[in-house]
Amino acid sequence: MDSIFLKNEKLLYSLKNFYFPKEWSFPINNNTKHIKDTYNEAVECGLFEESNQKHFAYANGVLNCVTWFYPKYDYEQCMVAASIMMWIFVLDDFLERDHMSDEKQQYCVKKYEDILIFGRDSSYISNIENNDLTPLDKYTLVLRKRLLKPTINRIESFNIFVHYLREWFFSIIPLKKSKGSNHDDSVPIEVYQFIRTINIGLFFVVGVNSVAVDTKVHGSFWLNPIWNRMVRRASRQIIIFNDCVSYAKEINHDCAGENCLYILQKKLNLPFEQVYSKLLAEAKQCIHDIENDEKLLVKSLGHISEEEMNGVKFLVEQLHEIIVGNRDWALMTPRYIHKDSPFLETNGIDPSIVPYEIVLNPNLY
């Protein structure tokens, strides 16, 4: 296993030990106009201040993931993906803030699920004037409109995606609650894996393709058990990688109970290095299992048309792009840089880091 010693004799491990097939790597998307345009929409809704550099740095750190996750998207498709990412990151960061009471969290979750489904007809906002809507109310309506535009003639695609989005939405609070009230508390690893598989958000990140791209894939494909197993295994691989990347930051923010590295150290009573080795092996096996399931998936769908099969192959390739894109984005974004990180690639102090707690207005919702 690759590792180095610093001058103060602190051992640093390398995230390059994770296995990724070389043929899964794709050039980054050169389209970046969606970042500024999405930010401007958020400014118009009141989520951010146009000239506030910290606000833009926060948004940019979120929205540039689109260029890594969706390397073949055009501008309009990037705008769909970017609107989604802006919404979910703001909500996720907002709901995890300590000032949010249980009642406020539950209200927020139910409110924005309802607006996403019903739009202006939602009972939460139907009797409120446009000028009196909250910033997050306005932006949720912007997102809904953007999702509906490309799916006007395939509403099942909109419904499929909203289903994935709301499943993620309702996982935020259970994951936060699962860590307990004390710093040293941790949820049983089996419970963590179940909640986190939904909470990592891969089902909706892949599901973006159901609205942004007309793949010609029948709606029933999203229920295919082999495909869903592939996404679950990819979720597990991403969970392991992301928990390594964010390990020090989560411990520092009393979120260690939401990190599989920490949970397994407690459960197995093993040192960090052994737990890391165990997780590396599991992540590699996830990749191999996905590769095997790809063959089974294509074989099981021999009855569909060539056009639809091309759509299936596009989605499989997109899964590859997201897995590798997640690695590349996580290693370049300043969100996870920390002076106590045990990993070479994320150890340090980055002045461009913008903590969300000093950016997001508590009156967003």
Side-chain angles (χ1 to χ4, degrees), residues 33-66 75-97 99-101 103-152 155 158-159 161-166 168-170 172-173 201 204 208 211-212 354 356-365:
K33 186 174 181 293
H34 63 276
I35 295 176
K36 184 63 176 176
D37 289 351
T38 302
Y39 178 72
N40 288 339
E41 284 187 339
V43 167
E44 290 177 8
C45 293
L47 288 180
F48 303 112
E49 298 169 4
E50 184 175 9
S51 59
N52 190 312
Q53 293 183 352
K54 289 183 178 179
H55 285 189
F56 181 74
Y58 170 87
N60 183 63
V62 166
L63 298 176
N64 59 23
C65 73
V66 171
Y75 169 75
E76 291 298 334
Q77 291 167 334
C78 283
M79 284 296 293
V80 173
S83 299
I84 294 163
M85 295 302 169
M86 177 66 81
W87 190 77
I88 68 104
F89 270 98
V90 168
L91 275 172
D92 193 28
D93 288 345
F94 188 64
L95 289 174
E96 287 185 350
R97 293 176 66 157
H99 79 270
M100 289 285 285
S101 66
E103 291 75 17
K104 285 183 178 179
Q105 287 178 333
Q106 291 294 341
Y107 174 82
C108 191
V109 167
K110 292 177 181 177
K111 177 182 182 180
Y112 292 110
E113 176 206 24
D114 206 67
I115 296 175
L116 198 61
I117 295 173
F118 297 108
R120 209 59 177 83
D121 292 331
S122 166
S123 59
Y124 287 90
I125 60 172
S126 58
N127 295 320
I128 300 176
E129 297 295 327
N130 287 335
N131 290 338
D132 295 326
L133 294 174
T134 70
L136 210 45
D137 294 348
K138 294 176 182 177
Y139 196 75
T140 303
L141 291 172
V142 169
L143 171 63
R144 186 176 187 272
K145 183 178 180 180
R146 178 150 284 122
L147 295 175
L148 281 170
K149 183 178 178 181
T151 59
I152 189 68
I155 195 63
F158 172 83
N159 292 337
F161 181 73
V162 169
H163 166 73
Y164 285 139
L165 207 54
R166 69 176 300 279
W168 165 79
F169 200 13
F170 279 92
I172 299 174
I173 296 175
F204 81 73
V208 169
V211 291
V354 184
Y356 64 81
E357 57 267 21
I358 69 171
V359 171
L360 298 180
N361 187 317
N363 298 315
L364 285 180
Y365 76 100

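All residue numbers refer to positions in the sequence shown, counting from 1.
Legend: salt bridge (Lys or Arg N to Asp or Glu O under 4.0 Å) pairs involving residues 138-149, not counting sequence neighbours, sorted by first then second residue: Glu41-Arg146.
The heavy-atom pair separating Asp114 from Ser122 by the smallest distance is OD2-OG, 2.6 Å. Residues His34 and Leu63 come closest through the heavy atom pair NE2-O, 3.9 Å. For Met86 against Ala42, the heavy-atom pair with the smallest separation is CE-CB, 4.4 Å.
Taking a 6.0 Å sphere around CG of Asn127, one finds it holds 12 or fewer heavy atoms contributed by other residues, nucleotides or ligands.
Residues Tyr139 and Glu44 fail the side-chain proximity criterion, which asks for heavy atoms closer than 4.5 Å. Using a 4.5 Å cut-off on side-chain heavy atoms (C-beta onward), Ile88 and Leu165 make contact. The closest side-chain heavy-atom distance from Leu91 to Leu136 is below 4.5 Å. Here the side chains of Val90 and Phe48 are in contact, with some heavy-atom distance below 4.5 Å.
Between atom CD1 of residue Ile173 and atom CD of residue Gln106 there is a gap of 4.0 Å, rounded to the nearest 0.5 Å. In this structure, CD1 in Ile172 is found 4.5 Å from CG in Asp92, a value given to the nearest 0.5 Å. The line from CG of Leu116 to CG of Leu141 is 9.5 Å long, rounded to the nearest 0.5 Å. Residue Asn159 holds its CG atom at 12.5 Å from OH of Tyr164, rounded to the nearest 0.5 Å. Atom CG of Leu47 sits about 10.0 Å away from atom OH of Tyr39, to the nearest 0.5 Å. The NZ atom of Lys111 sits 10.5 Å away from the OG atom of Ser123 when rounded to the nearest 0.5 Å.
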_Ile84 vs Leu147, side-chain contact (heavy atoms from CB on, under 4.5 Å): CA-CA, chis, key distance, verdict_ = CA-CA 9 Å; Ile84 294 163; Leu147 295 175; 3.8 Å; yes
_Evaluation steps, side chain to side chain donor-acceptor pair (under 3.5 Å), between Ser126 and Asp121_ = CA-CA 5 Å; Ser126 58; Asp121 292 331; over 6 Å; no
*Begin from the C-alpha positions of Phe161 and Phe204 and carry the test side-chain contact (heavy atoms from CB on, under 4.5 Å) through to its verdict.*
CA-CA 6 Å; Phe161 181 73; Phe204 81 73; 4.1 Å; yes
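When only modelled atom types and interatomic distance are considered, Tyr124 and Asp137 share no side-chain donor-acceptor pair under 3.5 Å.
For the side-chain contact (heavy atoms from CB on, under 4.5 Å) test, residues two or more places apart in sequence or in another chain that qualify with Asn52 are Glu49, Lys54, His55. Judged as a salt bridge (charged side-chain N to carboxylate O under 4.0 Å, His left out), and not counting sequence neighbours, the contacts of Asp37 are Lys33. Residues that satisfy the side-chain hydrogen bond (donor to acceptor under 3.5 Å, both in side chains) test with Asn130, not counting sequence neighbours, are Arg120. Evaluation of the salt bridge (charged side-chain N to carboxylate O under 4.0 Å, His left out) rule for Lys110 yields no partner, not counting sequence neighbours. Contacts of Arg166 classified as salt bridge (charged side-chain N to carboxylate O under 4.0 Å, His left out), with partners at least two apart in sequence or in another chain: Glu113.
In this structure, the side chain of Thr38 does not engage the main chain of Ile35 through any donor-acceptor pair within 3.5 Å. A donor-acceptor pair under 3.5 Å is absent between the side-chain atoms of Asn60 and the main chain of Phe56, judged by distance alone.
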